[in-house]
2 protein chains.
Amino acid sequence: MEMTDGKKAHFAGNVTADDVALAAGVSRWTVNRAFRKDASISAKSLEKVMAAAERLGYVPDLRAASLASDRSNLVALLIDDFANPHKLVMMERLTRILRREGWDILLVNTLDRDDAGHALLNASQRRVDAVILIGIQFDDEVLETALHARRFRKLIIFARTSQNPNTISIAVDDVLAIKEMANYVNARGYRRPMFLAGPQTYSAHLLRKETFVEYWREHFGNEPEIVGVPAYDPVLAAGIVMEKLSERPALALPDILVCENDALAMGAIDVIRHRLNLRIPEDIAVTGFDDVPQAASPNYQLTTYRQPLTEMGEYLVEVLQSSETENLDRLFEGKLIVRDSA
Amino acid sequence: MEMTDGKKAHFAGNVTADDVALAAGVSRWTVNRAFRKDASISAKSLEKVMAAAERLGYVPDLRAASLASDRSNLVALLIDDFANPHKLVMMERLTRILRREGWDILLVNTLDRDDAGHALLNASQRRVDAVILIGIQFDDEVLETALHARRFRKLIIFARTSQNPNTISIAVDDVLAIKEMANYVNARGYRRPMFLAGPQTYSAHLLRKETFVEYWREHFGNEPEIVGVPAYDPVLAAGIVMEKLSERPALALPDILVCENDALAMGAIDVIRHRLNLRIPEDIAVTGFDDVPQAASPNYQLTTYRQPLTEMGEYLVEVLQSSETENLDRLFEGKLIVRDSA
DNA sequence: CCAGTCTTTGCTCACGTGAGCAAGAGGATT
DNA sequence: AATCCTCTTGCTCACGTGAGCAAAGACTGG
C-alpha cells in the first residue's frame with residue numbers, strides 16, 4: 001500500500017490480504033488460508049505469510065470473512081437484570097470460555113420486557129450465529145417473536161430451563177437442587193418455611209418454587225407461605241420482606257426464608273438483621289441460590305447452591321459448534337454450599 | 001427468493017435488499033436508502049419499501065454495511081475486573097446509552113495483563129470503531145502496543161484518567177473529588193487516616209492516593225499511612241486489612257480508612273466489624289468511592305463519592321461521533337454521598 | 001411553457017474475505 | 001522414466017451493502 005494514498009493508509013487496519021500476498025510472494029488466497037485453521041497450506045508458505053503479516057500489521061477482517069462464509073462466530077448475550085450480582089459472575093465465565101474458543105460476544109442490554117424484540121432485531125442485524133439469553137423477562141411472546149423471525153440459528157436460554165421446544169436450555173437441575181436444599185432445611189429441623197420467589201415468567205422458567213412447594217406438601221402435608229418479588233433486586237426484596245414480616249408476632253414468623261436466589265436472600269438478610277433486629281439463623285434462617293461472591297462475606301455467610309458455571313459454559317460452546325438442532329437441552333448438577341445462615 | 005432453494009431459505013436472515021426491491025417495485029439502492037437515516041428518499045418509496053421489508057422479514061446486514069462504509073458502529077468494551085461490582089453498574093449504563101445511539105458493544109474479557117494485547121487484536125479483527133477500556137491492568141506498554149497497531153480510530157479510557165496523549169480519557173475529576181472527601185474527613189475530626197489503595201498502574205492512573213497524601217501533608221504536615229491492595233477485590237482487601245491491623249494496639253489503629261473505591265471499602269468494613277470486632281464508625285470509620293448499589297445496604301452505609309456515570313456515558317457517545325482527534329479528554333464532577341460509615 | 005434548481009433514483013465500482021474447483025508441484029511406486 | 005496419488009496453490013464467483021456520480025423527475029419562478 002502506497003503512502004501516497006494518505007486517506008486510505010490512516011489505519012494499519014486496512015492492510016489487506018493482497019498487501020501481504022505481494023510482500024510474501026504468494027497469492028491472496030494463500031494468505032487467507034494461513035489464517036484459517038482448517039485450511040491446507042505448506043509450512044514454508046505459512047511462515048512466509050506470517051512474517052509478512054507481522055511486518056505489515058495485518059489481521060484478517062472478520063466482517064468480510066463472516067459475509068463470505070455465512071458464519072460470524074459472534075453471539076449476542078442478552079441481559080436485562082443488572083441488579084443481580086450473579087450476572088457479573090456469569091458474564092466473566094462466559095466471556096472467558098467463549099473467547100478462548102474463538103467466539104465474540106455482543107453485549108445487549110434488554111432494557112425492559114417490551115424492548116426484547118428490539119434487542120433481538122439489533123442482534124440479528126449483525127448476523128449473530130446464536131442468541132444467548134441470561135435475562136429473565138423473556139416470556140412466551142418474546143420467545144415466539146424471536147423464533148418466528150429466525151434470524152439466527154440458535155436461541156439459547158442459559159441458567160434457566162425453558163419449556164419451549166425451539167429453544168436450547170442449559171441450566172442447573174432445579175428439581176434436584178431444590179430437593180437437596182429442602183432435605184437440608186428439613187434435616188436441620190426447620191418447620192415454618194417461607195419461600196421468597198422472583199418474578200414469574202412462563203416459557204423460561206425456574207422450577208424452584210414449585211419443587212419446594214411440592215416437597216413440603218409431600219413431607220408435611222401443608223403449603224409453605226410464598227412471597228413474590230417482581231425483580232431479582234436485593235433492595236426490592238428487602239422492602240417486600242419488611243412489609244410482610246414487620247407487623248407479625250414472633251410466633252407467626254417463619255423460622256426459615258428459602259430464597260429463589262442470592263440477590264433476594266441478601267436483601268432479606270439485611271432487613272431481618274438490621275430492621276427487624278432478629279438474629280440469623282437463630283430467629284430466622286435464610287438460604288439462597290447461585291453462590292455469588294458476596295454470599296461468602298461475613299455479612300451473609302449464606303447457605304446456598306452453586307451452579308457449575310464453568311461446565312455449563314463448556315457445554316454452551318459445544319452447543320454453538322454443534323450442527324444438531326434437537327435434544328441439545330441439558331441439565332447440570334450443582335452443589336449445596338453450607339454456611340452459617342441456615 | 002424461491003423456496004425451491006431450500007438450503008438458502010433456511011433463515012429469514014438472508015432475505016436481501018434485492019428481494020425487497022423486487023417486492024416493492026424499486027431498485028435495490030432505494031431499499032438500502034430506506035434504512036439509512038441520512039439518505040434522501042421520497043415518502044412514498046419509503047412506505048413501499050418498509051411495507052415490503054416488514055412482509056418479508058428483511059433487516060439490513062450490518063456486516064456488509066460496515067464493510068462498504070468503513071464504519072462499523074461497533075465498539076469493544078475491554079474489562080478485566082469482574083470482582084468489582086461497580087463494573088456491573090458501568091456496563092448497564094454504557095450498554096443502555098450506546099444502544100440508544102446506535103452503537104453495539106463487543107464485550108471482551110481481558111483475562112490478565114499479558115492478555116490485553118490479544119484482546120485488542122481480537123477486537124480489531126471485527127474492525128471496531130473504538131476501544132473502550134474500563135479495566136485497570138492497562139499499563140503504558142499495553143497502551144503503546146494498542147496505539148502503535150492503530151487498528152481502531154479511538155482508544156478511550158473510561159472512568160480513569162490517562163497520561164497518554166493518544167488516548168481519550170473520560171473520568172471523574174479525582175483531585176476535586178478527593179479534596180472534597182479529605183475536607184469532609186478533616187471536618188469530622190479524623191486525624192489518623194490510613195489510605196487503602198488499589199493496584200498502581202502508570203498510564204491509566206487514579207490520582208486519588210496522591211491527592212489525599214498531598215492534602216494531608218499540606219494540612220497536617222505528616223504523611224498518612226498507605227496500604228496497597230493488588231486488585232479491587234473485597235476479599236483480597238479484607239485479607240490485607242486484617243494482616244495490617246490485627247496485631248496493633250488500639251492506639252496505633254487508624255481512626256479512618258480512606259479507600260480508593262467501594263470494593264476495597266466493603267472488604268475493609270467486613271474485616272473491621274466481624275474479625276477485629278470494632279465498631280464503624282466509632283472505632284474506625286471508612287469511606288469509599290463509586291457508590292455501588294451495595295454501599296447503601298445497611299451492612300455498609302458507606303460514605304462514598306458518586307461518579308456521574310450517565311453524564312459520562314452521554315459524553316462518550318459524543319466522543320464516538322466526533323471527528324476531532326485532539327482535546328477530547330474530559331473530567332466530570334461527582335458528588336459526595338454521606339452515610340453512616342464516616 | 002420553459003429554463004433553472006432541487007430532490008430522488010439507478011448505476012458502476014468497491015469493500016475483504018470464503019467455497020469450491022482445476023491446475024500445478026512434489027514424491028512414491030512400478 | 002512414466003504413472004499415480006496427494007498436497008498445495010491460484011482462480012472464478014459470491015457474500016450484501018455504501019459512496020459517489022449521472023440521469024430522471026419534481027418543483028419554482030418568470
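All chains are named by letter (A, B, ...) in the order of the sequence lines, taking the proteins before the strands, and each is independently numbered beginning at 1.
Under 3.5 Å, the side chains of A/R63 and B/S66 contain a donor-acceptor pair of N or O atoms.
The CG-C1' distance, from B/L62 to C/dC15, rounds to 15 Å in whole Å. B/F35 places its CZ atom 15 Å from the P atom of D/dG16, with the value rounded to the nearest Å. Straight-line distance from the NZ atom of A/K48 to the P atom of D/dG10: 8 Å, rounded to whole Å. Rounded to an integer number of Å, the gap from CG of A/N32 to C1' of C/dG16 is 8 Å. Between the NZ atom of B/K44 and the P atom of D/dA24 there is a distance of 18 Å, given to the nearest Å. Rounded to a whole Å, the CD atom of B/Q125 is 20 Å from the P atom of C/dC15. Atom CG in B/D61 sits roughly 17 Å away from atom P in C/dT17 (whole-Å rounding). Distance B/D70 CG to C/dC15 C1': 8 Å, rounded to the nearest Å.
Side-chain nitrogen and oxygen atoms of A/R36 include at least one within less than 4.0 Å of the OP1 or OP2 phosphate oxygen of C/dG18. Residue B/S69 places no side-chain N or O under 4.0 Å from the OP1 or OP2 atom of D/dT17. At C/dG18, none of the side-chain N or O atoms of A/S66 fall inside 4.0 Å of OP1 or OP2 (strictly under the cut-off). Phosphate proximity of D/dG10 to A/S27: present, with a side-chain N or O under 4.0 Å from OP1 or OP2. The phosphate of D/dC7 (OP1 or OP2) has no side-chain N or O of A/S40 nearer than 4.0 angstrom. Contact annotation: A/S42 side-chain N/O to D/dC7 OP1/OP2 distance is not under 4.0 Å. Side-chain nitrogen and oxygen atoms of A/T30 include at least one within less than 4.0 Å of the OP1 or OP2 phosphate oxygen of D/dG10.
Looking at which nucleotide of DNA chain C each of A/A68 and B/V26 is closest to, the 5′-most match is held by B/V26. When each of A/D38 and B/R33 is assigned the nucleotide of DNA chain C with its nearest heavy atom, B/R33 is the one assigned upstream, toward the 5' end.
Each end of the helix from C/dC1-D/dG30 to C/dT30-D/dA1 gets its own rotation axis from five pairs of C1' atoms, and the angle between them is 30° to the nearest 10 degrees.
Salt bridge A/R153/A/D70: present, at least one basic N to carboxylate O contact under 4.0 Å. Using a cutoff of 4.0 Å between basic side-chain nitrogens and carboxylate oxygens, B/R93 and B/E311 are not scored as salt-bridged. Salt-bridge check for A/K154 with A/D129: failed, with every basic side-chain N at 4.0 Å or more from each acidic carboxylate O.
Screening B/I156, B/I157, B/L316 for a side-chain contact (heavy atoms from CB on, under 4.5 Å) involving B/I168 leaves a single residue, B/I156. Of the listed residues (B/V128, B/L77, B/I132), just one forms a side-chain contact (heavy atoms from CB on, under 4.5 Å) with B/L106, and that residue is B/V128. Results of the side-chain contact (heavy atoms from CB on, under 4.5 Å) test with A/M90 over A/I134, A/T95, A/I79 single out A/I134 as the only residue that passes.
For D/dT12, the base has a donor-acceptor partner in the side chain of A/W29 [N/O atoms by modelled type, under 3.5 angstrom]. Checked by distance alone, A/R28 brings a side-chain donor or acceptor within 3.5 Å of a matching partner on the base of C/dT17. Checked by distance alone, B/R127 brings no side-chain donor or acceptor within 3.5 Å of a matching partner on the base of C/dG16.
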Chi angles and distances behind the side-chain contact (heavy atoms from CB on, under 4.5 Å) call for A/L67, B/D61: CA-CA 9 Å; A/L67 196 56; B/D61 188 328; 3.9 Å; yes

